[in-house]
Amino acid sequence: MPSFHNAYINFSHMTPMVDFTAIEQKWQQRWYEERLYEGRRGGDKKFFIHFAYPGISGYLHVGHMRGFAYADMIARYKRMTGHAVCFPAGFHASGLPAVSLAKKVERRDPAVLQYLRENGCPEEVIANLADPAEVVRYFSQVYVDDYWKRFGFFIDYTRLTDTVSPGYRRFIQWQFHKLREKELLTKKPHFAPFCPQCGPVAVDKSETDISEGGDAEVLEFTVIKFTMDDMVLPAATLRPETVFGVTNMWVHPDVEYVVAEVGNERWIISEEGLRKMASQMEGEIRAVDTVKGSQLVGKTCTDPLVNREIPVLPATFADPGVATGIVMSVPAHAPYDYVALREAAPDIEPLVIINVEGYQVPAREVVEEMGIRRQEEHEALEEATRRVYKEEFHRGVLNRRCGEYAGTAVAEIKDAVKNALLEAGQAAVLREFSLPVICRCGSPVVIKRVPHQWFIRYSDSTLTETSKEHVQSMHIFPEEYRQELPKVLDWFGDRACIRQGSWLGTEFPFEEGWIIEPISDSTLYPAYYVVAKYVNQGRIQPGDMSLDFFDYVFLGRGAPADPLWEEARQDFLYWYPVDINLGGKEHKTVHFPVFVMNHVAVMEPRHWPQGIFVHWWITQQSGEKISKSKGGAVPIPDAARRYGVDTMRLYYAHIGAPFVDIEWDGDTAATYRKRLVRLWHLAQELLEAGGEEAGDVDDWLTAVGGRAVNEVRGAMEEYELRRAANIIFFDLPNHLQWYQRRGGQHRATVRRLLRTWLTMMTPFTPHLAEELWEKMGERRLVSQQAFPEPQKVDEHILQREQLLVDTLQDVQEILSVTSLDPSTIYIYTAPPWKWEVAETASRLAENGTLSMGGLMKQVMEDENMRRQGKAVPAFVQKLLPEVQRGTMYRRIDEYGHLSNAREFLERELGAQVRVFRADEQAPDPGNKKDQAVPLRPAIYAE
RNA sequence: GCGGGGGUACCCGAGCGGUCAAAGGGGCAGGGCUUAGGACCCUGUGGCGCAGGCCUUCGAGCGUUCAAAUCGCUCCCCCCGCACCA
């Protein structure tokens, strides 16, 4: 990331005026000494927030801090608004990542060693990291010290836990007992990605378990058994419905196929195909002979469904590495087959079995249109296949050649044909990755049948429906996810919940040798944070945490065997339910649904979660998720040092809505830093204000501050952190600057505003806020201040200052358009009668009875008005559309305010300014007086 | 395919029926000040305007409405998830 390095210029030769690092250390020390972070019961307002704990896979980077920072800002805000807050955190240590890191350290993998060193891992620690338990221990410490505490988070550090600690394991075993009691565990066969060396692995884009192939999909081939003498020629296809249109078979002439015993059948299949079948089928399969492809060419076989005799032909595109290596040919609908058949046997006619409007023989027409000549043109043929398939799938209908399926749409038929073939024993299923998948250990990953796999029955209809219903009442952010989650719950099927192998995790209580997999052991865990505190304090031993213990603490069942049980029960009753579970968008279809469903399944309804907050990612500049391998990982301590912790916090809060991906850019972080420096100096300047006399601007500053408080509170209550930060760090400072520009310097007003401002800053940039707070002479911590209460705001004061701003702008626009350099500027404020008309119009608009006629009638009742003559209808005509557009007129003292600001205007405009009432005797050299209307004084410059 | 999200001025990003030529930041330009740390302050940054105005714009095209960046439909383009990864 070159820009990151460019962004940083070394200032060490200068004396920094704001030493962020020193300020951070100073206040963190005080906070942590005073244990402000600890969640203690108290009062009737409580708030329980946690984030989806991070997996332990090594060092984290700036992207990960986004969500943690959100959680801390919310937690701090809640603290300052009178809530008892519990904000615990933990570490997800289960699964492969820690083990895999340890393995690499053990074999001294150079890339991993370099990565550890670059992140500042001491040599003596590296030596220990060959032990997975040490990986967990060490990185837990790194996350706490170098990330969370370094960023000033008020996480409850007394409740830290990890998912492989003995206590946690007891908890998970209890959870599985509960699931079993509810009959939510079941056992059935399963097909899983499997490494012959490592056992089951996860195939996903983050490539946690694998080194290649994270994008692979699992394709489900239907293997149709064509018979050839006493043998089976198993043709694999993704489109079983096309079996009606087969004209021939393809084999590769140069490939050595094997003859294998499959049950009581003898199959001809490629060697790779045999291996795949073997790992996925029941019973033993073994090769007994071989046969060259060319030896098969010229024979015939029988299509099982239509019982038709067809020839075996040679084709070089028949890849032995794909599925069974035997391909059935459907030339009318498969471009590959069409092209190959044209070469091999031009006399065979394609059999059209799917009617698509606009096509006769779809494959032929697409191939001809694209000008494809040879079966080696793979790219073009792939494209042609996609096109044909797309058309046929959406618009195709099976024709009379398809027997009982004639007349059905392709989109609806696929599974029917497959199932019929399977039931008749004329087909099998073969699953295969769409791309090569390689395990971290280097072996190719296959799909393996696990005969007796335990599942959690998330498909259970009661569980699904109850969960969906409960979700309706939850606070879910963003709104889009609130609508999506019920659909995810519907889609969520049974989940394999245990696996074998050398993984970290909890032993499955109902079958030896199996370990609960890492998603299934992290669904109910916020409850465990309640207990974790006691474990950490040594007040209860994991061995004493029996099923009865958890039953009592979490469900109120049975009787306490120890006073501590009762204490824990009371804690649980106080803190639960979870108010916010916060996590990245990667959790939308994995963690959050099971988080909800497990609570629904196990806990009492009153303890089901109340809220979910989903945030998007910080990506690399390419838009990719940041990853170590792609070089985009900025270490967190580096970022803290370079930009400052408060800068980073503000960056996260303000760079974009939580619900968009943000591209990391060091330059941008640097501008936030600059912003904070500027605010620092602004605050310093304001502290020096020593004025005794308050004026108009002071009233305005108070009003504008009050409005900011109300808006920030409104935003924070909805967790709109960006909007709040925008007001605090951008709008309000701009107002303060305007105040200065207006000459404001009243000591008491400024200090009052500063107190409010710093207090509101605290959730976002707590260190800076503390430091400035102290400079104001405050002794207590701003972190312990109450957030400013909602305030009454005098709209008139805001409006009259707005009048000044608008008027100044109007003058400037006039000057810029006319290129005048005036010596005198005349300003005329609207006469009272125009205000009266405007106010009357506004009142009528509020009642919804505004009309030209009605307004004129009412206005003209007044003798004063009648005296104005035809000026009244002229004004009303101009005014009406303005009011209809929604402008509300409430009288302000325009003349008084502008007169008071006369000196300011003269300073700004560099000319003499004369303010008059339009209705009084006054010089009017430009003849502009009559143009004065409410909120729009007439202006003349000369 | 199923499910979800997007396309806003030079860039990032607000806005999601009127107060919108569209916040805020960045960049760029002009001016001021002379240096708060990559300075700071003011002004400008769609076009046209010698009086505060007018015209054209928010992926494209229709439409609803007195009124649309905002609502509906169609189309184009981009992104994400789809399951033993937290």
Side-chain angles (χ1 to χ4, degrees), chain A residues 7-9 11 14-18 52-57 92 94-97 190 192-193 200-210 214 217-218 390 393-394 411 450 453 455 478 480-481 483-484 487-488 490-493 495-499 517-520 522 583-591 616 623 654-657 659-663 665 667-668 670-675 677-678 680-682 684-685 722-723 726 729-731 734 737 740-741 806-807 809-820 882 884-888 908 926 928 931 936 938-941:
Chain A
Y8 178 59
I9 296 171
F11 289 109
M14 303 179 192
T15 310
M17 295 193 60
V18 185
Y53 45 29
I56 294 200
S57 58
H92 193 78
S94 340
L96 187 70
H190 180 57
V201 292
V203 174
D204 79 293
K205 291 214 171 67
S206 65
E207 300 189 338
T208 310
D209 292 2
I210 55 178
E217 287 175 69
V218 174
K390 203 174 167 190
F393 185 82
H394 291 287
V450 182
Q453 169 70 38
F455 287 77
E480 287 75 23
Y481 184 56
Q483 286 171 21
E484 187 182 353
K487 295 176 195 167
V488 176
D490 264 333
W491 158 87
F492 215 100
R495 184 178 183 94
C497 59
I498 58 175
R499 49 194 215 183
E517 64 78 34
I519 297 288
S520 302
S522 53
K585 65 175 179 179
E586 69 276 20
H587 297 296
K588 287 202 293 182
T589 53
V590 183
H591 171 248
W616 269 232
H654 188 262
I655 186 69
F659 320 119
V660 294
D661 287 334
I662 298 297
E663 286 188 3
D665 176 6
D667 291 352
T668 306
T671 66
Y672 276 99
R673 183 184 203 274
K674 201 164 73 180
R675 181 92 203 164
V677 171
R678 223 147 84 196
W680 168 269
H681 290 288
L682 177 63
Q684 300 279 55
E685 277 168 28
R722 182 178 201 275
R723 192 153 71 86
N726 198 241
F729 295 92
F730 294 87
D731 289 353
N734 287 349
Q737 249 170 38
Q740 288 182 316
R741 196 170 152 194
D806 292 345
T807 305
Q809 246 167 32
D810 277 354
V811 175
Q812 280 166 339
E813 187 171 353
I814 289 166
L815 297 185
S816 94
V817 166
T818 59
S819 321
L820 286 172
E882 196 64 34
Q884 278 165 340
R885 266 191 14 223
T887 310
M888 275 292 152
E908 289 287 320
K928 292 282 182 187
Q931 284 185 13
R936 210 81 209 274
I939 294 161
Y940 179 68

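Heavy atoms only: backbone and side chains are in, while hydrogens, waters and symmetry mates are out. So that the names make sense, note that chain A is the first sequence line, chain B the second, and so on, each numbered from 1.
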Return yes if the base of B/rA36 and the side-chain atoms of A/His681 contain a donor-acceptor N/O pair under 3.5 Å, otherwise no.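 Answer yes: a donor N or O sits under 3.5 Å from an acceptor.
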Round to a whole Å and report the spacing from [atom1] of [X] to [atom2] of [N].
| X | N | atom1 | atom2 | answer |
| --- | --- | --- | --- | --- |
| A/Glu685 | B/rA36 | CD | P | 10 Å |
| A/Lys674 | B/rC41 | NZ | C1' | 14 Å |
| A/Gln812 | B/rG30 | CD | C1' | 15 Å |
| A/Glu813 | B/rG49 | CD | P | 14 Å |
| A/Arg741 | B/rC33 | CZ | C1' | 15 Å |
| A/Leu815 | B/rC42 | CG | P | 18 Å |
| A/Asp810 | B/rG53 | CG | P | 6 Å |
| A/Gln740 | B/rC40 | CD | P | 14 Å |

Pairwise [atom1] distance for [N] and [M], with rounding to whole Å:
| N | M | atom1 | answer |
| --- | --- | --- | --- |
| B/rC12 | B/rG32 | P | 33 Å |
| B/rC58 | B/rC71 | C1' | 16 Å |
| B/rA23 | B/rG47 | P | 15 Å |
| B/rA14 | B/rG6 | P | 11 Å |
| B/rG46 | B/rU56 | C1' | 8 Å |
| B/rG13 | B/rC20 | P | 23 Å |
| B/rG52 | B/rC62 | P | 33 Å |
| B/rA69 | B/rG18 | P | 10 Å |

Euclidean distance, [Y] [atom2] relative to [X] [atom1], rounded to 0.5 Å:
| X | Y | atom1 | atom2 | answer |
| --- | --- | --- | --- | --- |
| A/Leu682 | A/Asn734 | CG | CG | 9.5 Å |
| A/Gln812 | A/Glu908 | CD | CD | 7.0 Å |
| A/Ser57 | A/Leu96 | OG | CG | 10.5 Å |
| A/His92 | A/His591 | NE2 | NE2 | 9.0 Å |
| A/Ile939 | A/Ile814 | CD1 | CD1 | 4.0 Å |

Which nucleotide sits closest to the side chain of [X]: [options]?
| X | options | result |
| --- | --- | --- |
| A/Glu586 | B/rU43, B/rC40, B/rA86 | B/rA86 |
| A/Phe730 | B/rC40, B/rG24, B/rC42 | B/rG24 |
| A/Thr818 | B/rA83, B/rA51, B/rG24 | B/rA51 |
| A/Ala941 | B/rG26, B/rA51, B/rA83 | B/rA51 |
| A/Ala938 | B/rC42, B/rG26, B/rG52 | B/rG52 |
| A/Asn734 | B/rG25, B/rG49, B/rA51 | B/rG25 |
| A/Asn726 | B/rA51, B/rA23, B/rG53 | B/rA23 |

Hunt down the Watson-Crick or G-U wobble partner of [N], both distances under 3.5 Å, from any strand shown, or write none.
| N | answer |
| --- | --- |
| B/rG63 | B/rC71 |
| B/rC40 | B/rG32 |
| B/rU45 | B/rG27 |
| B/rA22 | none |
| B/rG81 | B/rC2 |

Between protein and nucleotides 12-16 of chain B, what N or O pairs are separated by less than 3.5 Å?
{"from": "B/rG13", "atom 1": "O2'", "to": "A/Arg722", "atom 2": "NH2", "distance (Å)": "2.9"}
{"from": "B/rA14", "atom 1": "OP1", "to": "A/Ala657", "atom 2": "N", "distance (Å)": "2.7"}

With a 4.0 Å cut-off on heavy atoms, is [X] in touch with a base, just the backbone sugar-phosphate, or nothing at all?
| X | result |
| --- | --- |
| A/Tyr940 | base |
| A/Gln931 | base |
| A/Tyr53 | sugar-phosphate |
| A/Ser819 | nothing |
| A/Gly493 | base |
| A/Ala192 | base |

Please name the pair of heavy atoms, one in [X] and one in [Y], separated by the smallest distance, quoted to 0.1 Å.
| X | Y | value |
| --- | --- | --- |
| A/Ala52 | A/His587 | CB-NE2, 3.5 Å |
| A/Ile662 | A/Gly656 | CD1-CA, 4.0 Å |
| A/Pro97 | A/Ser94 | CD-O, 4.0 Å |
| A/Val450 | A/Gln453 | CG1-OE1, 3.7 Å |
| A/Phe455 | A/Ala496 | CD2-N, 3.3 Å |

Go through the steps to decide whether A/His654 and A/Phe729 satisfy the test ring-ring contact (aromatic ring centres under 6.0 Å, His included), and finish with yes or no. CA-CA 9 Å; A/His654 188 262; A/Phe729 295 92; 8.2 Å; no
Between [X] and [N], is there a contact of a side-chain N or O with OP1 or OP2 at under 4.0 Å?
| X | N | result |
| --- | --- | --- |
| A/Arg675 | B/rA39 | no |
| A/Arg678 | B/rC40 | yes |
| A/Gln737 | B/rC41 | yes |

5′-ward residue of the pair A/Trp680/A/Thr589 relative to RNA chain B: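 Closest to the 5' end, via its nearest nucleotide, is A/Trp680.
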Under 3.5 Å, side chain of A/Asn726 to main-chain N/O of A/Arg722, donor-acceptor pair present?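 Not at all, since once roles are kept as given, no pair shorter than 3.5 Å links the two residues.
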Spell out protein contact along nucleotides 2-9 of chain B as letters: B when the base is contacted, S when just the sugar-phosphate is, - when no protein heavy atom is under 4.0 Å; keep the 5' to 3' order. -SSSS---
Heavy-atom side-chain proximity of A/Tyr481 to A/Lys585 below 4.5 angstrom: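 Not in contact.
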